[in-house]
Amino acid sequence: MHIVDGALSVPVLVSGAVLAVVGVFIGLKKMDYDHLPLVGVLASVFFIASYIHLPLGFSSVHLIMNGLLGIILGWVAFPALLVALLLQVIFFGFGGLLVLGVNTVNIALPAVIIYYLCYKGIRHESAKVAAIWGAIGGAGAIIITSVMVAFSLALSGESFVLAAKAVLPAHIPIMIVEGFVSYAAVYLIHTVKPEFITKEKS
Amino acid sequence: MTYSNNPLIKIENLSYAYPRRGAVLKSINFTLHSNERVVINGDNGAGKTTLLHLIVGLKKAKQGDIIGFGEPCKTEKQFNQLRARAGLLFQDPDDQLFCPTVLEDVMFGPLNLGFTKQQAIDKSLQTLKKLGMQGFESRITHQLSGGEKRMITLASVLVMEPQVLILDEPTNALDEKAKMRLLNVLQGLPQAMIIISHDRAFSDQLATRQLHLQDGLLTEPSKSTVAVA
Amino acid sequence: MTYSNNPLIKIENLSYAYPRRGAVLKSINFTLHSNERVVINGDNGAGKTTLLHLIVGLKKAKQGDIIGFGEPCKTEKQFNQLRARAGLLFQDPDDQLFCPTVLEDVMFGPLNLGFTKQQAIDKSLQTLKKLGMQGFESRITHQLSGGEKRMITLASVLVMEPQVLILDEPTNALDEKAKMRLLNVLQGLPQAMIIISHDRAFSDQLATRQLHLQDGLLTEPSKSTVAVA
Amino acid sequence: MSQGLEHSLTSWSGQALKHQASWIDAIDARVRVVCSGLFALVVVLSSQFAPTLLGLIAAFVLVKSSKLNIKRTLRRVIAMDLFMLTLICILPFTTPGDVMFSVFGLAASWQGLSHALLITIKANAVLLVLFSLVATMSASTLGHALAHLKVPDKLVHLMLFMVRYLDVISQEYKKMRRAMQARAFVLRTNRHTWKSIGYLFGMLLIRSVERAERISDAMKCRGFCGRYYLNDDMKMGRIDIIFGVCVMCFLILLIGLNIDDLFK
Ligand SMILES: Nc1ncnc2c1ncn2[C@@H]1O[C@H](COP(=O)(O)OP(=O)(O)OP(=O)(O)O)[C@@H](O)[C@H]1O
Ligand SMILES: Nc1ncnc2c1ncn2[C@@H]1O[C@H](COP(=O)(O)OP(=O)(O)OP(=O)(O)O)[C@@H](O)[C@H]1O
Ligand SMILES: [Mg+2]
Ligand SMILES: [Mg+2]
């Protein structure tokens, strides 16, 4: 999911960076100082999600959960994910510095799209229905993310087109797992603390 | 008390150190026989929780042997079998309750052991009833009081029918009434137990043997402060 | 004990209910005078934490008055002034230590009160020294032990020089030694205190008055179990 | 003030790493951040082997002089996403050019290989410089440095909060995970596993949100009313300027190497 430094062409890097700055700017505008602890703590939870490896046949996948993050945070997902990705580069060497913009957009933009798509569904009174929307959001975010990763690669040069084509099928299992996990997570939140998702965000 | 010949759990020369720290446990020896209730106390950070986690294999010891129910445990698979027979109650009940409703949480163990869903439900309801918690099955775990949470975690361990109960500070943050209730329940259980507790009154009433963990050594404090080794 | 005429904190007819629950507090009356150390105990979920949060205005009561230092508090601004003079120690120290290093955390309060950076540093170092925690200023907060965390949170409250200290289960998960240390420190402080504690021995040694919270009512248990009203 | 703090590399995971002091610690944090940013810019945008290789060598020098634990550093570099590495393995086969060898009728080209190598060198050089210059400061120093570099306050505080609570939350996660394990839970490829992990994740979210509420309350109790203070003031010294100038000269050399090749 993380693209490394040096792979992408300059136009892709620049447009990624510009989009990321715009997204982060909107996110910061929508985030008060009062929300800082909430956003910080949620971003940490998603940081940890990427360390949950689930076995899948002979290999394993790790969770991304950007769909759920988007459902909860909306545009604020941009700054949250930017910081999370920056920490991942510095602490663990996942990704790179100059591609930070592209990586942020690839993960945060789907989150925002899912926010608008599932806004209504996730607030349904029935926990089951809301959970199904959660599953759609979880799986959908992975699809959009992988399409965007594929595009950033394909736009960076002819030689990456095949690789870009490989990205999509490689993400299908992650998509399925993520859908199930998001279903259960939303179901739990809906039964235990519905006001957490149903309350209007200021 | 007459000890049966086969100890339930036997620990030999167990040592443990966290990375970049001094040793937390230094060559611990310990045996648990059936019908025993051993209380271990010790300061904060003495390594009590670490010891319990080592026993059920949640952490792996660098040195020493753990023999559970007559069989030495080394691999994750062996420990997994041990865990089905030695139920561990965590220090903080919140860490243990992760399902939305009480019933689902209690069912989690039996489902892991391979029971069908219907069997798991039946077993769970029975266990809840035995602990006097009938009627709680559709309550939401997160909204229970501290004492109720403790009882549910106990149920979720007992439902797996362990032969040994391992309890990490079960009275933490419980009020007097909840403590008394827990004491009564525990005294009525047939299982052998290892219990960590800072609470004098509680442990005096429950223990058949008391041990003290200090400086990485497990000692018998009451009689002559001699290392059990 | 001679009470001064002006109570530090006075609560009149305070009631509170969480949404979709019965009332947690029913028309509570309570006064804190200077030099008092009032211990409140009560079962899990009795509403003790809720009461403390109401006093400092973290939750807003639907009914009843809170009069802090002679002035009735209603608006957020009024409560803000109250909070500067009544320091609250939270149940879980991890909630309170949100800065990366100890010094930054202790300085946070004075900076908010409008002190300059240098003043804030001086005050913080002094307070740490008073609590015997000198040398901890550049330690990382989340790497401290439970007892150390407790002491630092106390420092970060004391540095604001409150006239009243409000402590929510300060001995939770502390061992005997850490508890004794905390007891000594608290006994040496001049402030009036409201303390929540399940710990008999601890509260007996600290309290000048003990209250019991049950069924939403605050009662004086020792003498005649009459509602303080 | 921030010097002598724990190593930030693992500060969030709660392991008190022994940070080996080196002369790099004495350099102003802002200079280190800016230098690594510019370094990344120049190296990534280089189109030739010579400057990237030089960059990689410089990165090795920095790693050596910041006394990083070589083993841990290597592990982290290798951990660079395996997914991307496989992509790099595909490159020779998808780039047209002089045939190097062919497998099953697929031709691998020299151009593709050199492209793949170039990417690997660039990615590693940037990472190593980041590890040695930026990751050697404590997270709070990094935060303050970013704030002084006019990164928005909110973003900086978001980072500081994350660093502080990553540890608390990952401990909570680990404990819950262990509690599941203690009830004979084994990760498998089935719905029971996914459901349980979903529940675990949801519960972690709820507990974190409640914690966030308590943190806000705790901040209010200490007079917080919407304004943060950053308390590190940073001063540029001689060593900072010398280091900065050296890095600049080196980067200009790298740029020069690129231009030189362009003219040929
Ligand atoms: N993951 C870890 N990494 C490093 N050190 C650890 C870790 N977990 C615990 N420790 C340290 O090991 C020691 C023993 O910890 P342990 O939790 O076993 O203590 P305990 O006896 O259970 O204390 P308490 O009474 O507070 O529960 C402590 O000093 C603790 O700081
Ligand atoms: N945010 C909330 N929403 C709904 N109910 C709540 C909320 N917070 C607390 N409660 C309920 O209100 C009651 C009082 O809670 P409170 O935390 O004040 O108890 P406490 O006396 O501090 O208990 P403890 O000894 O466990 O700390 C409990 O029944 C609790 O479940
Ligand atoms: Mg413990
Ligand atoms: Mg409480």
Side-chain angles (χ1 to χ4, degrees), chain A residues 1-7 10 24 28 31 33-34 36-45 47-49 52 54-57 65 79-80 82-84 86-87 89-98 153 159-163 166 170 177 180-186 188-189 192-193 196, chain D residues 9 12 36-37 40-41 44-45 76-77 79-81 83-84 87 90-91 94-95 112 115 118-119 122-123 126-127 130-131 134-135 152 154-155 157-159 161-163 165-166 169-170 173 187-189 191 193-195 197-199 201-206 208-209 211-212 215-216 226 228:
Chain A
M1 205 48 73
H2 304 78
I3 302 175
V4 296
D5 260 335
V10 179
V24 169
L28 287 181
M31 181 177 85
Y33 275 110
D34 288 348
L36 263 178
L38 180 66
V39 180
V41 165
L42 285 180
S44 318
V45 175
F47 193 103
I48 286 156
I52 307 180
L54 296 180
L56 200 79
M65 289 305 220
L82 174 71
V83 172
L86 178 70
L87 291 181
V89 182
I90 296 174
F91 290 154
F92 304 105
F94 292 157
L97 198 57
L98 284 199
L153 286 173
S159 45
F160 283 114
V161 171
L162 181 72
V177 172
F180 276 107
V181 172
S182 305
Y183 177 91
V186 172
L188 180 129
I189 294 172
V192 173
K193 205 175 164 86
F196 174 32
Chain D
L9 279 178
W12 72 268
S36 21
L41 194 66
V44 169
L45 297 186
R76 245 178 295 134
V77 172
M80 213 180 353
D81 228 349
F83 183 65
M84 288 311 296
L87 280 189
I90 302 175
L91 271 183
T94 59
T95 313
H115 188 191
L118 198 61
I119 293 175
K122 284 178 183 177
V126 173
L127 275 192
L130 272 183
F131 287 163
V134 179
K154 279 186 198 168
L155 219 49
H157 285 290
L158 190 54
M159 193 192 102
F161 259 110
M162 255 190 90
V163 172
Y165 283 99
L166 261 173
I169 293 169
S170 81
Y173 164 72
L187 285 174
R188 294 206 175 84
T189 313
R191 277 186 48 194
T193 302
W194 297 338
K195 191 174 106 181
I197 292 291
Y199 281 168
F201 187 77
M203 198 50 100
L204 201 60
L205 271 180
I206 287 177
S208 310
V209 168
R211 183 179 292 280
I215 298 167
S216 306
Y228 279 92

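Letters A, B, ... mirror the listed sequences (proteins, then strands); counts begin at 1. Since the model is a prediction, treat every value here as computed from it, not as a measurement.
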**OP:** Would you name the heavy atoms of D/M162 and A/A43 that are closest together and state the gap between them?
**Re:** SD-CB, 3.6 Å
Original post:
Which bit of A/V41 is near chain D, if near means a heavy-atom gap under 4.5 Å: side chain, backbone, both or neither?
Top reply: both
**OP:** Look at A/L97, A/L82, A/L86, A/V39 and state which one has the largest set of heavy-atom pairs under 4.5 Å with chain D.
**Re:** A/L97
Subject >> Intermediate values then yes/no, side chain to side chain contact (heavy atoms under 4.5 Å, CB included), A/F160 and D/H115 >> reply: CA-CA 11 Å; A/F160 283 114; D/H115 188 191; 4.0 Å; yes
Original post:
With only heavy atoms counted, which part of A/V89 is less than 4.5 Å from chain D, the side chain, the backbone, both or neither?
Top reply: both
Original post:
Tell me, side chain or backbone of D/Y173 under 4.5 Å from chain A's heavy atoms, or both, or neither?
Top reply: side chain
Original post:
Do you know the tightest heavy-atom contact between A/P55 and D/T189?
Top reply: O-OG1, 3.3 Å
**OP:** Would you check if D/L45 and A/V10 make a side-chain contact, meaning some heavy-atom pair closer than 4.5 Å?
**Re:** yes
**OP:** To the nearest 0.5 angstrom, please state how far the CG atom of A/L56 sits from the CG atom of D/L187.
**Re:** 12.0 Å
Original post:
Contact part of D/L41 toward chain A, heavy-atom cut-off under 4.5 Å: side chain, backbone, both or neither?
Top reply: both
Original post:
Heavy-atom distance under 4.5 Å to chain A: side chain of D/R188, backbone, both or neither?
Top reply: backbone
**OP:** Can you see which heavy atom on D/F161 is nearest to which on A/P37, and at what distance?
**Re:** CZ-CG, 4.0 Å
**OP:** Give, as side chain, backbone, both or neither, the part of A/L98 having an atom under 4.5 angstrom from any heavy atom of chain D.
**Re:** side chain
Original post:
Within a strict 4.5 Å, meaning less than it, do heavy atoms of the D/I206 and A/L188 side chains meet?
Top reply: yes
**OP:** Using non-hydrogen atoms and a 4.5 Å limit, figure out which bit of A/L87 sits close to chain D: side chain, backbone, both or neither.
**Re:** side chain
Subject >> Top contributor to chain D interface from A/G96, A/A80, A/A84 [non-hydrogen pairs under 4.5 Å] >> reply: A/A84
Original post:
When rounded to the nearest 0.5 angstrom, what is the spacing between CG in D/L130 and CG in A/D5?
Top reply: 8.0 Å
Original post:
If you measure from CG on A/L54 to OG1 on D/T193, what distance do you get to the nearest 0.5 Å?
Top reply: 8.0 Å
Original post:
Which one, D/V126, D/L118, D/I169, leads in non-hydrogen pairs under 4.5 Å with chain A?
Top reply: D/I169
Original post:
Can you tell me how far CZ of D/F201 sits from OG of A/S182, rounded to the nearest 0.5 angstrom?
Top reply: 8.0 Å
Subject >> Side chains of A/V83 and D/M159 in contact at under 4.5 Å (non-hydrogen atoms) >> reply: yes
Subject >> Least distance between heavy atoms, D/A123 atom then A/V4 atom >> reply: CB-CB, 4.2 Å
Original post:
What residue in D/G202, D/G37, D/G198, D/A40 has the most heavy-atom pairs under 4.5 Å with chain A?
Top reply: D/G198
**OP:** Given side chain to side chain contact (heavy atoms under 4.5 Å, CB included), test D/K195 with A/F180 step by step and report yes or no.
**Re:** CA-CA 7 Å; D/K195 191 174 106 181; A/F180 276 107; over 6 Å; no
Subject >> Spacing of A/I48 atom CD1 and D/S208 atom OG [to the nearest 0.5 Å] >> reply: 7.5 Å
Subject >> Per-residue contact mode, A/M31 against chain D (heavy atom under 4.5 angstrom) >> reply: both
Original post:
Among D/L204, D/L155, D/I215, D/L158, which has the most heavy-atom pairs under 4.5 Å with chain A?
Top reply: D/L158
